[in-house]
Amino acid sequence: MTTAAVASHAHPPTSTGLDHRKIAIWAFIGSECMLFASLISTYLIYKGRSVNGPFPHEACNPPLCATPLKPILNIPVTSISTFVLLMSSLAMVLALAAVENKGKPGYEGIFGSSKLWLMMTAILGTTFLGFQAYEFTSFVHEGLTIRTNLFGSSFFTLTGFHGAHVTAGVLWLLTLFAIDVKRGLGPKDALLVDISALYWHFVDVVWIAIFTLVYLIK
Amino acid sequence: MADQFRHTNPDIDVHAMGEMHEHPTWKEYKWVALILTLITVAEVWVYYTPLQNSPVFVPLLLIMSAVKFAIVVLFYMHLKYDHRIFKALFTGPLIIAMATLVSLLFLFGKFAGR
């Protein structure tokens, strides 16, 4: 890999030879690492310090709670939503591969279509958000809101921030899908899809950490 | 379909994208997805077994989570094949973030008495 400036039809020469947009997305992802580390730290510091229920992994009985409350986290439902998000990452890499290899033999079929995989990724992301909306709604019905206790405050802040990132990712994917439908995405647009893919996979790795630290570790 | 996803299109400016090698094939992506799924299943299985009361429960879950994290970053985010500047831009802040997290947990006594 040369470090000299690379003249290209796709971007102006840069001192590193690398496209500034890709450097920018990696720098952004680096800053996002620190944002989510602070939110996860807050959750872990407050973990087990709530004085009133509901609690994540423990039942809450009178007099601590007015009525008996079971542990609030629903591991089976969250496991399915985790699987959905993992599969969305697979769909995203296939979308990028389809864009990079558009026009090559074997990419004429439906499974070589970037439109299919971009839409599939957006649908899986929306499904994940649906699971999160279901979870939040059921928590509120069971008496846990952002104001109930330390667990509620830190949990809704952390998972809410992650959900907002997934929402932004879905909107980004739908924008790429619209461009693909309108004029078609090809190898010259690979960087645009690559940047969105990096963001999407980052959202996935953050959830990998949240799933273990928030849901599985008691 | 294995060779269809090789990253060999001459129209792509691989220098600008910072790619040092070809991307994984469709077959490799499929294996990565399968491994991630199996690790997730193992994590949930461990949660429901008597292992949850064992001292190895938390380290085991953290190791499995770290492996999943690394697999996604290396293969799906292509960091394994990317330019060292991208690796530095990600691992630098990640190390700072992890150090901050562990430091804060120490400061607030989360490891006390263990």
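What you see is a predicted model; the values in this text were computed from it and never measured. Just so we're on the same page: letters track the sequence lines, and every chain starts at 1.
The number of heavy-atom neighbours closer than 6.0 Å to CZ of A/Phe161, taken from other residues, nucleotides and ligands shown, is 12 or below. Heavy atoms from other residues, nucleotides or ligands lying under 6.0 Å from CZ of B/Phe57 number more than 12. Around CE of A/Met120, the count of heavy atoms belonging to other residues, nucleotides or ligands within 6.0 Å does not exceed 12.
Only the side chain of A/Thr212 comes within less than 4.5 Å of a heavy atom of chain B; its backbone N, CA, C and O stay farther away. Of the two parts of A/Ala27, the backbone and the side chain both hold a non-hydrogen atom closer than 4.5 Å to a non-hydrogen atom of chain B. Heavy atoms of B/Phe75 lying under 4.5 Å from chain A are absent altogether. The contact between B/Leu101 and chain A is made by backbone and side chain atoms together, counting heavy-atom distances below 4.5 Å. Heavy atoms closer than 4.5 Å to chain B are found nowhere in A/Met92, neither backbone nor side chain. Only the side chain of B/Ile85 comes within less than 4.5 Å of a heavy atom in chain A; its backbone stays farther off.
A distance of 10.0 Å separates CZ of A/Phe211 from CE of B/Met64, quoted to the nearest 0.5 Å. In this structure, A/Asp19 CG and B/His83 NE2 are separated by 13.0 Å, a value rounded to the nearest 0.5 Å. In this structure, CD1 in A/Ile29 is found 10.0 Å from CG in B/Leu89, a value given to the nearest 0.5 Å. To the nearest 0.5 angstrom, A/Leu198 atom CG is 7.5 Å from B/Asp82 atom CG. Remark: B/Trp26 CH2 to A/Leu94 CG distance equals 4.5 Å, nearest 0.5 Å. Atom CD1 of residue B/Ile39 and atom CG of residue A/Leu86 lie 9.5 Å apart, to the nearest 0.5 angstrom.
Contact detail for B/Leu94 and A/Cys33: the closest heavy-atom pair is CD1-SG, 4.0 Å. Of all heavy-atom pairs between A/Leu96 and B/His78, the closest is CD2-CE1, 3.6 Å. What you find for B/Pro93 and A/Gly30 is that their closest heavy atoms are CB-O, 3.2 Å.
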Inset, instruction - Begin with the C-alpha distance, continue with both residues' side-chain angles, and end with the deciding distance and a verdict on side-chain contact (heavy atoms from CB on, under 4.5 Å) for B/Leu61 and A/Leu213. - result: CA-CA 9 Å; B/Leu61 282 177; A/Leu213 294 171; over 6 Å; no

Legend entry - side-chain contact (heavy atoms from CB on, under 4.5 Å) between A/Leu216 and B/Gln52, intermediate numbers included: CA-CA 9 Å; A/Leu216 296 181; B/Gln52 63 172 282; over 6 Å; no

Inset, instruction - Run the numbers on B/Glu43 and A/Thr82 for side-chain contact (heavy atoms from CB on, under 4.5 Å), then give the verdict. - result: CA-CA 11 Å; B/Glu43 283 178 321; A/Thr82 302; over 6 Å; no

Legend entry - From CA spacing to verdict: side-chain contact (heavy atoms from CB on, under 4.5 Å), B/Phe108, A/Arg49: CA-CA 12 Å; B/Phe108 283 86; A/Arg49 296 191 181 185; 4.3 Å; yes

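Heavy-atom pairs under 4.5 Å with chain A peak, among B/Thr91, B/Ile96, B/Leu79, B/Val46, at B/Leu79. With respect to chain A, the highest number of heavy-atom pairs below 4.5 Å among B/Tyr76, B/Phe90, B/Phe69 belongs to B/Tyr76. Ranked by heavy-atom pairs under 4.5 Å with chain A, the list B/Thr100, B/Val44, B/Val73, B/Leu107 is led by B/Val44.
Judged purely by atom type and a 3.5 angstrom limit, B/Lys110 uses its side chain to pair as donor or acceptor with the backbone of A/Leu44.
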